[in-house]
Colleague: 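First the structure, which I've put down as structure tokens, then a few questions once you've had a look.
All residue numbers in this chain count up from 1 along the given sequence.
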Amino acid sequence: MRALRPLVVLVVAVAVVLGGVHLLREATEYHGGAGVEAQTTVLFSIKDNGFGHGDDFAATALWQTCIATIGWTGEDEPVAAGERTYRAVLRPSLPDDTRRRLRGCLEDLVVNHIKGNVVSMHSGAA
């Protein structure tokens with residue numbers, strides 16, 4: 001009986017590790033597709049380090065690059081919503097995992113010295 005104890009502990013440990021890996025993979029896996037709402041509205045700000053081609057062009061360059069990384073095509077360009085702040089709408093809405101990827105791109109990617117910051121992102125009716 002004592003000889004089986006290490007084997008049982010090993011089997012339980014392997015099962016816990018495999019279960020954890022499976023849960024982590026599901027939480028970070030990209031599922032694609034569209035969300036259930038009509039649209040996702042993203043409000044983001046930009047900061048540049050000597051870009052020199054104007055804020056509108058900078059916001060559009062960052063936006064188009066990031067929506068391309070999630071496999072989306074933008075119908076509308078981002079529209080100024082304040083000083084160096086832009087609003088963009090995606091139709092239909094993005095599912096949660098795709099929203100996380102888009103947020104990560106806008107906040108982590110630097111394109112031609114342009115960096116973004118997501119102020120808000122929500123999905124809802126048009």
Side-chain angles (χ1 to χ4, degrees):
M1 200 60 148
R2 287 189 130 211
L4 289 177
R5 178 178 265 171
L7 181 61
V8 169
V9 169
L10 178 64
V11 168
V12 168
V14 168
V16 168
V17 168
L18 290 176
V21 168
H22 176 72
L23 290 174
L24 184 59
R25 185 176 69 201
E26 281 295 314
T28 59
E29 184 177 358
Y30 174 59
H31 298 288
V36 297
E37 300 291 338
Q39 67 184 26
T40 297
T41 303
V42 182
L43 186 65
F44 66 100
S45 61
I46 59 165
K47 183 170 102 175
D48 71 66
N49 187 13
F51 178 66
H53 297 289
D55 290 347
D56 292 346
F57 186 76
T60 299
L62 181 63
W63 178 253
Q64 292 296 333
T65 301
C66 285
I67 64 170
T69 66
I70 61 170
W72 216 264
T73 56
E75 305 88 22
D76 302 324
E77 300 293 326
V79 177
E83 187 174 334
R84 304 193 109 189
T85 303
Y86 290 82
R87 179 180 319 282
V89 178
L90 293 168
R91 293 177 191 90
S93 68
L94 301 176
D96 290 341
D97 58 334
T98 308
R99 287 174 47 186
R100 285 191 299 270
R101 289 183 65 214
L102 179 60
R103 177 184 291 274
C105 180
L106 288 169
E107 292 183 345
D108 296 340
L109 182 68
V110 177
V111 176
N112 291 336
H113 306 285
I114 307 160
K115 183 155 177 49
N117 180 52
V118 175
V119 176
S120 69
M121 182 183 299
H122 67 276
S123 294

Colleague: Out of curiosity, does Leu4 fall in the hydrophobic cluster containing Val12 (side-chain heavy atoms, cut-off under 4.5 Å, transitive links)?
Modeller: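 Different hydrophobic clusters.
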Colleague: Would you say the side-chain atoms of Thr69 pair up with the backbone N or O of Cys66, donor to acceptor, closer than 3.5 Å?
Modeller: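 Yes; judged by distance alone, with no hydrogens or angles, the pair exists.
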Colleague: If you measure from CG on Leu109 to OG1 on Thr65, what distance do you get to the nearest 0.5 Å?
Modeller: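 It is 6.5 Å, given to the nearest 0.5 Å.
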Colleague: Decide yes or no on side chain to side chain contact (heavy atoms under 4.5 Å, CB included) for Asp48 and Asp55, but give the supporting numbers first.
Modeller: CA-CA 9 Å; Asp48 71 66; Asp55 290 347; 3.9 Å; yes
Colleague: With a 4.5 Å cut-off on side-chain heavy-atom distances among I, L, V, M, F, W and Y, is there a chain of contacts connecting Val118 to Leu90?
Modeller: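 Hydrophobic grouping puts Val118 with Leu90.
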Colleague: Could you tell me which non-hydrogen atom of Thr40 sits nearest to which non-hydrogen atom of Ser123, and how far apart they are?
Modeller: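 Looks like OG1-OG, 2.7 Å.
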Colleague: Could you give the distance from CZ (Arg5) to CG (Leu10), rounded to the nearest 0.5 Å?
Modeller: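 Those atoms lie 14.5 Å apart.
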Colleague: Is it the case that one hydrophobic cluster holds both Ile46 and Val110, taking links as side-chain heavy atoms less than 4.5 Å apart, direct or via other members?
Modeller: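 Cluster IDs for Ile46 and Val110 differ.
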Colleague: Say you draw a straight line from CZ of Arg101 to CG of Asp108; how long is it, rounded to the nearest 0.5 Å?
Modeller: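 Answer rounded to 0.5 Å: 12.5 Å.
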Colleague: Of the non-hydrogen atoms in Met121 and Arg99, which two are nearest, and what is the gap between them?
Modeller: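 Closest pair (atom of Met121, atom of Arg99, distance): O-NH2, 3.2 Å.
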Colleague: Apply side chain to side chain donor-acceptor pair (under 3.5 Å) to Asp56 and list each qualifying residue two or more places apart in sequence or on a separate chain.
Modeller: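 Asp56 satisfies side chain to side chain donor-acceptor pair (under 3.5 Å) with Tyr86 once adjacent residues are dropped.
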Colleague: Just checking Arg87: does its CZ atom have more than 12 heavy atoms from other residues, nucleotides or ligands closer to it than 6.0 angstrom?
Modeller: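 Atom CZ in Arg87 is not packed in, count stays at 12 or less.
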Colleague: How long is the straight-line distance from OG1 of Thr98 back to CD1 of Ile67, given to the nearest 0.5 Å?
Modeller: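 Between Ile67 CD1 and Thr98 OG1, I get 13.0 Å after rounding to 0.5 Å.
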Colleague: Flag the pair Trp72 / Leu102 as yes when at least one side-chain heavy-atom distance between them is below 4.5 Å, and no otherwise.
Modeller: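 Of all side-chain heavy-atom pairs linking Leu102 with Trp72, none is under 4.5 Å.
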Colleague: State, without any angle test, whether Thr85 and Ser45 hold a side-chain donor-acceptor pair at a distance under 3.5 Å.
Modeller: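 No - no donor-acceptor pair under 3.5 Å links their side chains.
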